[in-house]
Protein chains: 2
Amino acid sequence: MQSFTEENYLKVIYHLAEKTNNVQTNAIAEQIQTKPASVTDMIKKLAEKELVDYIKYQGVTLTDKGRHAAVDIVRKHRLWEVFLVDKLNFKWDEVHDVAEELEHIKSVNLIERLDEFLGFPKSDPHGDPIPDKNGRFTKTQFIKLIELKIGDSGTITGVSQHSSAFLKHLEKLGLTLGKQIKISDVTDFDGSVEILIEEKQINISREVAKHILISNNGKN
Amino acid sequence: MQSFTEENYLKVIYHLAEKTNNVQTNAIAEQIQTKPASVTDMIKKLAEKELVDYIKYQGVTLTDKGRHAAVDIVRKHRLWEVFLVDKLNFKWDEVHDVAEELEHIKSVNLIERLDEFLGFPKSDPHGDPIPDKNGRFTKTQFIKLIELKIGDSGTITGVSQHSSAFLKHLEKLGLTLGKQIKISDVTDFDGSVEILIEEKQINISREVAKHILISNNGKN
DNA sequence: AAAATTTTTTAGATTTACCTAAAAATAAAA
DNA sequence: TTTTATTTTTAGGTAAATCTAAAAAATTTT
Ligand SMILES: [Mn+2]
Ligand SMILES: [Mn+2]
Ligand SMILES: [Mn+2]
Ligand SMILES: [Mn+2]
């Protein structure tokens, strides 16, 4: 059984490992909002418990055991997010911090019944997949909106940024999950993207377009 | 803001204060499953934060601030219990430990929306009253089943023992909240009580009868 | 290849919540 | 009212998770 803190480290390492194989001390420190020295201490402990493989100065990778534990926390996090949005009417930008706490409640029973109560959802309010109780899930095929060309279309199925500011912004623009969009123009000057959504034309910045994930995209 | 641990102390002190005005160090230690020396340490901290009044060797009493905090945790605990039973199909003997963790999640928003989602319940699965968001609740008038005389009747509205073993036992006997009962006999030999419930006669031990709370009782 | 920079680790402290063992205060019994 | 027993506190220490400052290793730049 892991502590609250260990679980947070495992989850952060898991997410960082999606980008690079060897996860660096500084990267973890930044995510956890702590100092690199503290991370080194914790890494040693996780290595001791065989949750990570660790070579001094080379960063860490999760062991199977560690990845399993991490996925389990991700599962809990996302299920709680679904609960908050579907049942308690939270907005998608309000759920993260609360789920960050709820994910650490220890009860196998609880999470399985919650899963059932929610109808075994496949993805969370941000479009991220929810692992099943065996830790299995399929990585959905996304393409960043910014990578689409004029005339391309698709469905908004995820975001790669979870900050409240960003999500609120999308909400205001009507850019929510499931919406159909089509690229009508890309501005030369600032790289901003003109998109057609529900018969309306809107303009979004490059920065925004980078973090919107599109699926079912049809090339023109 | 209190820590997880401080919250547990406050809640325990609150419950113990229902019996005696001055809550003793040893009593707290027993409830928290810790040593008296540790309790003394924590008491000093709570006194420092003005959550309890403390006179050395005389035990503690909650300040208004402390009681408020305690009632807030009790509210959360009981609302989560309702959630687990009503929505996730937990049995009344399965909820305590999970609620013990859930009660510490910090989000005003969360608990108010949960309250609404549950339909603003007035009591938890064990018949205990749920304080409203201002900490107000009415102490229901109970009488212990053991105190009833032959011919008296009433409704089961609470229990004064929350152990899983006890609750499972009641469940098996059909002695659940809301059931109408009538005392048909009291055995001289062992003080066990013969009761009439849903046209059936059952016999319960003195020990069990002590922890069943009855309301709307009509004297014969 | 040296120098400069960045990253990571070590050393030594701090805080929180515990603990044991022993002393002090209070309460109960003789 | 002593003596005895119980309760509570103090003193000193441990483990988890942090921190700062400084040393060491790795990487990048010149
Ligand atoms: Mn977390
Ligand atoms: Mn999410
Ligand atoms: Mn608790
Ligand atoms: Mn209860």
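Labels below follow one simple rule: chain letters A, B, ... track the order of the sequence lines, proteins then strands, and each chain is numbered from 1.
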Please list, one pair per line, the donor and acceptor atoms closer than 3.5 Å that link side chains of residues 14-29 of chain B to other protein atoms, with sequence neighbours excluded.
unit_1	atom_1	unit_2	atom_2	d
B:Asn22	ND2	B:Gln58	O	2.5

Starting at atom [atom1] of [X], determine the distance to atom [atom2] of [N], rounded to an integer number of angstrom.
X       : N      : atom1 : atom2 : value
B:Lys49 : C:dT16 : NZ    : C1'   : 10 Å
B:Glu30 : D:dT8  : CD    : P     : 12 Å
B:Asn22 : C:dT26 : CG    : P     : 14 Å
B:Lys35 : C:dT20 : NZ    : P     : 5 Å

Just checking A:Phe4 against B:Phe4, ring centres under 6.0 Å apart?
no

If you look at every strand shown and take non-hydrogen atoms under 4.0 Å, does B:Phe4 touch a base, only sugar-phosphate, or nothing?
nothing

Got a sec, which residues hit side chain to side chain donor-acceptor pair (under 3.5 Å) with B:Thr157, two or more places apart in sequence or on another chain?
B:Ser215

Check whether B:Phe117 forms a cation-pi arrangement with B:Lys87 (NZ or CZ under 6.0 Å from the six-membered ring centre, at most 45° off the ring normal).
yes

Phosphate OP1/OP2 of C:dC19: any B:Thr34 side-chain N/O under 4.0 Å:
yes

I want to check something: taking the side chain as every heavy atom from C-beta on, are A:Glu147 and A:Ile214 in contact at a cut-off of under 4.5 Å?
no

For a quick check under 3.5 Å, do B:Asp124 and B:His77 share a side-chain donor-acceptor pair by atom type?
no

Give the B/S/- string for nucleotides 5-11 of chain C, one per nucleotide from 5' to 3', where a protein heavy atom under 4.0 Å of the base yields B, of only the sugar-phosphate yields S, and otherwise -.
--SBBB-

